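Working notes, beginning with the structure itself.
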Amino acid sequence: MDKSTATVISCKEIAESIWDLRLRMAETFSGEIRPGQFVGLYPGSAARLLMRPISICGYSGGGETPVQLRLVFRAGGAGTRELAGAQAGDAMDVLGPLGNGYDLDRLAPGRVLLLGGGIGIPPLLGLTRALTERGAQVTAALGYRNGDLFLKEDFEAAGARVLIATEDGSAGVRGNVLDAVRAAQAEADVLCACGPLPMLRAIKAYAAGRPCWLSLEERMACGVGACLGCVVRTRDIDAHSRVHNARVCTEGPVFAAEDVEI
Amino acid sequence: MDKSTATVISCKEIAESIWDLRLRMAETFSGEIRPGQFVGLYPGSAARLLMRPISICGYSGGGETPVQLRLVFRAGGAGTRELAGAQAGDAMDVLGPLGNGYDLDRLAPGRVLLLGGGIGIPPLLGLTRALTERGAQVTAALGYRNGDLFLKEDFEAAGARVLIATEDGSAGVRGNVLDAVRAAQAEADVLCACGPLPMLRAIKAYAAGRPCWLSLEERMACGVGACLGCVVRTRDIDAHSRVHNARVCTEGPVFAAEDVEI
Amino acid sequence: MNEQNQRPDMSVTIAGVTFKNPVMTASGTFGSGMEYGQFVDLNRLGAVVTKGVASVPWEGNPTPRVAEVYGGMLNAIGLQNPGIDVFIERDLAFLEGYDTKVIVNVCGHTEEEYLEVVERLAGEHRVDMLEINVSCPNVKQGAIAFGTDPATLCRITERVKRVAGQPVIMKLTPNVTDIAEMARAAEAGGADAISLINTLTGMKIDVETRRFVLANRTGGLSGPAIKPVAVRMVWQASQAVKIPVIGMGGIASAEDAVEFMLAGASAVAVGAMNFHDPCLTERVVDGMEAYLVRHGIPSAAELTGAVRG
Amino acid sequence: MNEQNQRPDMSVTIAGVTFKNPVMTASGTFGSGMEYGQFVDLNRLGAVVTKGVASVPWEGNPTPRVAEVYGGMLNAIGLQNPGIDVFIERDLAFLEGYDTKVIVNVCGHTEEEYLEVVERLAGEHRVDMLEINVSCPNVKQGAIAFGTDPATLCRITERVKRVAGQPVIMKLTPNVTDIAEMARAAEAGGADAISLINTLTGMKIDVETRRFVLANRTGGLSGPAIKPVAVRMVWQASQAVKIPVIGMGGIASAEDAVEFMLAGASAVAVGAMNFHDPCLTERVVDGMEAYLVRHGIPSAAELTGAVRG
Ligand SMILES: Cc1cc2nc3c(=O)[nH]c(=O)nc-3n(C[C@H](O)[C@H](O)[C@H](O)COP(=O)(O)OP(=O)(O)OC[C@H]3O[C@@H](n4cnc5c(N)ncnc54)[C@H](O)[C@@H]3O)c2cc1C
Ligand SMILES: Cc1cc2nc3c(=O)[nH]c(=O)nc-3n(C[C@H](O)[C@H](O)[C@H](O)COP(=O)(O)OP(=O)(O)OC[C@H]3O[C@@H](n4cnc5c(N)ncnc54)[C@H](O)[C@@H]3O)c2cc1C
Ligand SMILES: Cc1cc2nc3c(=O)[nH]c(=O)nc-3n(C[C@H](O)[C@H](O)[C@H](O)COP(=O)(O)O)c2cc1C
Ligand SMILES: Cc1cc2nc3c(=O)[nH]c(=O)nc-3n(C[C@H](O)[C@H](O)[C@H](O)COP(=O)(O)O)c2cc1C
Ligand code: FES
Ligand code: FES
C-alpha cells in the first residue's frame, strides 16, 4: 500500500452521473489486489483534502506490467464531480489498495449470490470474475433505479447469471434486488452484498443463517486505520479496538453479516 | 470594470522566472484602458482566494475586436507560479481594468524619462507606446539584475531611447537606473517610475521638483477601493479617506511623487 | 402544487425591520456599497452593512494590512474610517438612492465614542439599524475587552440602546470561550439582534524573511476557512437567546448562506469572498431563491434554525 | 564557510528529553505509529505522539465521526481507545522496536481517570513524555472545563505532576478567550511544556438533507484552515511562559513547520494532513533540514521564536 500518482487512461460517463475511470498505476502501487478492496482518490482542489474511497471494480497487470485499475463511481458531491472531470493523461493521486477484500477461499467454489444496489454494483464485478475463475456458480442480482443498466453486460461476460431489478420497473423485476432473487427463485450457498444500508439490512435478514458478506461504507479520513473515523458497531468486542467498533477501512469494508450491527 | 473570464493565448518564460502572458478578454472586460492600470489575476487554487495585481504591459483591440492584454510578471510566490503554468486555451479569471493609470495629457508631448527597475519595467512599455504616439520624446532607463534584458527590444520598437543598468554590470552601466541616467546625461521635463521602494525614493529625490509620477505597489484584497487594505501614506488629507491615506488600487497606483510619503 | 409555482417569499423581518431578502454585506468588506455598485445591483440586496464608522476620522494601521492565507485572508485594517460627519454627508447620501436597508456599523475606542456616533445617527431616517462592533481584534484600546467580557458587553449594549434611534445589533467576536454567554449578555443588555462572527485572530510569518507578514503582527482571519467555527457559533448563540441572529463567516455560495440559516440565523452576510467574486452577494440571493424553489420551501424565514437532529 | 557545509543540527531538547528533530505526530492522527509505519520510517521522526489513551476502553461517538470542510476536516471521534492495559501491551511494545521518542497522550472523563493512566505509565521506560489532553472538545463530562478554566487547569497539572514518572506536556484548547492565561496556568501548575493547538470547535450542516453531518453535531476543526489561529496562539503562549511550546495546527509542509518554530515553538506536530499525505512527517523533516541549509542556520533550535518584529 502506498500513496502514489496514477495516470488517467480514460474517464467516461457510462450512465447518468456514473463514471468509468481507468487508471495506470505507478510502480509503487503494490501489494496483492483482492476483489472488495478499495482505493482513495484525491480530488485536486486544495479545498478538498480527504480522499474519496472508491471500490476496485476491475484490475489487470501486476508483476512486470503496470497495474491498471477500473473504478466506477457516482459523481454525486463536489469531490467526485471533480474526479469525473479527469482527462486522459492527467495525474491522479491514489492511496491503496485499502481494506480487506473478500476471502475468495471461503466463497468458491459453490453457488454464490451477489447482490448489488446502485453504486454498490461495481465492486461485485471484480468479485464475479475472480469467483467464476475459481469455478464458482455466480448469480448477480443487480438493482437499478431505472433502465440505465450500467455494467450489466460486464457481469454477463464475466460468467454470472444476471438478475435485474429496477425501482421504476423499466427493466427486470420492479422492486429491489431481493424481489428479483425471489422471482427467480435463485438459490445460493453464500451471499455477498454491496449497496445502501436498508438493502444490506434486508439481505442480512434474508440470508437467514447462510454465510453472508456485506461490503460497508462509512465516512473516512485516513483510510489506513489510524484516525478511527470509519467504525461500524460490532456484535463482539473487536480484536483491535477492544470495544464494539471495527474500522471499515482496515477490518472491512467486507464483514460477515452476523459480526456487524447495522 | 468587471470580473470576467479571459482565455489564455500564450504564456511564455521570457527571462528567468519572468513570464509573458497574453490574454483574450471576455466581452464584458470593458472600459477605457490606460497605461499604468492593472488587472487582478485569480490563481485557480481554492487555497488562494485573492487576486494577484499585475500591471497592463500592452493591450490591443477594443470596440468591435476583443481586447487582448499582455501581462509580464515574475513568478515569485505560489500564486504567480501557478499563473505561470497557464496553457493556451485555459480560462483565467480577471478583475479589471483597475486603478487610475497615467494622465497622458500631463506627460506628452515633451521629454519624458521613464525609469523601471526589475519587474517594474513591464508597465512602462504600454506607457512608452502611448507617449511616442502622442509625440513625446521618451527615454527609458531600465534596471536589470543581470544581462537578461527582457522587453528591451520592445521599448526600442516602441520608439524609446533605451538606457540600461545592470546590478552585475553585465550590460549597460553597472548600478541602478539613476546611474544609467546620469551616465547618459539624459534630460527630461517629467519622470515616471516603477520599481522597488528604495529606487522610487531615490528617484523622488532625484526629480528635484520636476513633475514625477510613481507607480506604487501594496498588498491588496479587493482591488476596487472597498477594503482599505492597500493604502499609502499621503502628504495631505486624502479626499476620499479623509485621513493621510490613499488607496493604491483606486487613487493609484500612479501617484505624484510629492503627494505620497514613501 | 400551486404554492410551488409561486416564487418563494425571500423577505425576513428582524427587530421590526423587513428586509427584501436575508442577504447582507459584511461590514468592512463592501465599503458603503459604492465600490461594488458596478458589480451588483444594490437594490437586490437585503441590506448594505457599511464599514465601521467612528466619531472622528481614523488612520488605521500601518501596511501591510492584508495577507492571504489558505482558504481565507488576514486583515488588520485597524478600522480606518472618514468619521461620522463625512459618512453622513457622503456615504449615507449615496445610499439614499437605493431601495435596500442600511445598517451602519459603529466602532469606537471608548464607550463614549460609540455613544457619540450612535447619537449622531439617531435622527438619520436613512439608517435602518445599527451594528455595534464590539469585537474588532485590531483595536487595542479597550474594544477587545467589550467583546470578551459579558458584563462589559451587557453594559455597553444598555448604554447604546438608551441613545439609539434605530434597532441595535451587537456584533460578537468569536475569540471567546463561551459564545452563548456573550449572546446572552447582549440580549440581557437589550440588544435587538446579534451578528456573528467577526474575525478569528490569526497570524502569518513569512519564513523567507522571518518577519510578521502584517505590520500589526496579528490580524483577523476570515473566508471559507472559518466557516465551520462560524456555523457552530451561530448555532450555539441562536440556541442561547430569543433575539434574531445574523450569521456570517466564510460564506462563498448560496448553499453556505442556507447552512447559516439552518443553524439558526435569520439573515446572513457575505464578507471576504466579495473580494474573490465581486458579484457574490447577488449570486447568493439568486441561489437561495433557487434552493427554496428546489426544496419546495415557501419562504426564506422558514430556513431559520430548521436543521434536524 | 565550513559551518554551512556541515549538516545542520536538527535535534531539540524539551524538558531534558532530546529529540532527534523537532517533528512529531499530532495525537490521534497517527494511531500509535503502526498504521503509518508502511509510509514513513518511524526512526526518522522526532517523536511519535500516540492517540489519547484512557484508563479503560472507550467506545467513542456514533458515526459519522468525520467530515470534510474547506481546507480541513471536522472530527468527533470521541476519544475511542482500547484502554491503558492493551495500550501498554500492544502499542508501547510495538514502539519498543523504534529509535524515536514516545509521547503518550492521556485522556479521561474525570481527574481521577487521568491520574490513573499517568500512574500506570510512571514505570514504563518506553514512555519519554506524557501529553495531557485537557482540551478535547468531544468529551462532554468535564474535560472541556479542564481546558478552559485556568484554575482547574492549574490544579490538574499539579496533580498529574505529583504522580507522573515522565515530564508532562499540557495540551491546550484554542477555544478560549485568552490563550496566554491558559499557558500561564499550566506553567504555574508545574507543566514541563505545553502543546497547542487542539482543534477549534466547528459544525457542518448538509443543506440537502438539512441534518448535522456529524452524529455528535459539533466536531473539532483541523487542517490548513486553522493554521493562522494556531500560529497566533503559539506566539502568544510562548511570549507568556518560559516552558517550551510544541506547536501544531494545519501543518502541511516544512515551511509551515518552520513558521510555528519562528512563532515560538520548540517542536511541531503534523496532524490532519497525514491523511492527505501519509508520508508528510518525513517530508517535513527533510524540508526543514533543507530550509536550515538554504538559510545557513546551524541548528533547528535556533528557529524557536526567531521571528523579527
Ligand atoms: C469502502 C468504500 C467503497 C466505496 N466504493 C464506491 C464505489 O465503488 N463507487 C462509488 O460511486 N462510491 C463508492 N463509495 C462511496 C464514495 O466514497 C462516496 O460517494 C464519495 O466519497 C462521495 O464523495 P463526494 O465528493 O461525491 O461527496 P462530498 O459530499 O463532497 O464528500 C464529502 C466527504 O464525505 C465523504 N463521503 C460522502 N459520501 C460518502 C459515502 N457514501 N461513503 C463514504 N464517504 C462519503 C467523502 O469521501 C468526503 O470526505 C465507497 C465508499 C466506501 C467507504
Ligand atoms: C498595482 C500593482 C501592479 C503590479 N504589477 C506587477 C507586474 O506587472 N508584474 C509583476 O511581476 N508584479 C507586479 N506586481 C506585484 C505582484 O502583484 C506580486 O508579485 C504578486 O501579487 C505576488 O503574488 P505571489 O503569488 O507570487 O506571492 P504570494 O506570496 O503567494 O502572495 C501572497 C499574497 O501577497 C500578495 N503580494 C505578494 N507580493 C506582493 C507585491 N509585491 N505587491 C502586491 N501584493 C503582493 C499577493 O497578491 C497575495 O495576495 C504588482 C503589484 C501591484 C500592487
Ligand atoms: C477587510 C475586512 C474589514 C473588516 N472590517 C470590519 C468592520 O469595520 N467592522 C466589523 O464589524 N467587521 C469588520 N470585518 C469583519 C467582517 O464583517 C466579518 O464579520 C468577517 O470577515 C467574517 O466574515 P467573512 O469570513 O465572510 O469575511 C472586516 C473583515 C474584513 C475581511
Ligand atoms: C482524527 C483526529 C483525532 C484526534 N485525536 C486527538 C487525541 O486523541 N488527543 C489529542 O490531544 N488531540 C487529538 N487530535 C487533535 C490533534 O492532535 C491536533 O491537535 C489538531 O488536529 C490540530 O492539528 P492539525 O490541524 O495538524 O490536525 C485529533 C485530531 C484529529 C484530526
Ligand atoms: S478512515 Fe481512519 S480509521 Fe478508517
Ligand atoms: S485593495 Fe481593497 S481598497 Fe485597495
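Convention: sequence-line order gives letters A, B, ...; per-chain numbering from 1. Note that the coordinates shown come from a computational prediction; the quantities given were computed from them, not determined experimentally. Atom set for the values below is all heavy atoms of this structure, side chains included, hydrogens, waters and symmetry mates excluded.
- Interface check for chain C: of the options G202(D), A230(D), G223(D), P174(D), the most heavy-atom pairs under 4.5 Å are formed by G202(D).
- Note on V229(C), V231(C), V307(C): by heavy-atom pairs under 4.5 Å with chain D, the leading option is V307(C).
- Proximity to chain C involves both the backbone and the side chain of L262(D), based on heavy atoms less than 4.5 angstrom apart.
- Using a 4.5 Å cut-off between heavy atoms, I205(C) contacts chain D through both its backbone and its side chain.
- The most heavy-atom pairs under 4.5 Å with chain D, out of D206(C), L303(C), V207(C), come from V207(C).
- Looking at V258(D), both its backbone and its side chain come within 4.5 Å of chain C, counting heavy atoms on both sides.
- Heavy-atom distances place the side chain of V69(C), and not its backbone, under 4.5 Å from chain D.
- For the atom pair I226(D) CD1 and M248(D) CE, the distance stands at 10.0 Å (nearest 0.5 Å).
- Contact between V66(D) and N75(D) at its shortest, heavy atoms only, is CG1-CB, 4.2 Å.
- Looking at R308(C), both its backbone and its side chain come within 4.5 Å of chain D, counting heavy atoms on both sides.
- Contact annotation for R217(D): only side-chain heavy atoms (C-beta onward) come within less than 4.5 Å of a heavy atom of chain C.
- Here the CG-OG1 distance, from N274(C) to T29(C), works out to 4.5 Å after rounding to the nearest 0.5 Å.
- Note: L196(D) CG to K171(D) NZ = 9.5 Å, rounded to the nearest 0.5 Å.
- Ion pair K204(C)/E68(C) not flagged as a salt bridge, since none of the NZ, NE, NH1 or NH2 atoms sits closer than 4.0 Å to an Asp/Glu carboxylate oxygen.
- The residues R294(C) and E289(C) are annotated as not salt-bridged, no charged nitrogen and carboxylate oxygen being separated by less than 4.0 angstrom.
- No donor-acceptor contact under 3.5 angstrom links the side chains of T201(D) and T218(D), judged on distance only.
- The CG atom of L172(C) sits 6.5 Å away from atom CG of L153(C), with the distance rounded to the nearest 0.5 Å.
- Among M261(D), Q236(D), E208(D), the residue with the largest count of heavy-atom pairs under 4.5 Å with chain C is E208(D).
- Proximity to chain C (any heavy atom under 4.5 Å) is shown, for F260(D), by neither the backbone nor the side chain.
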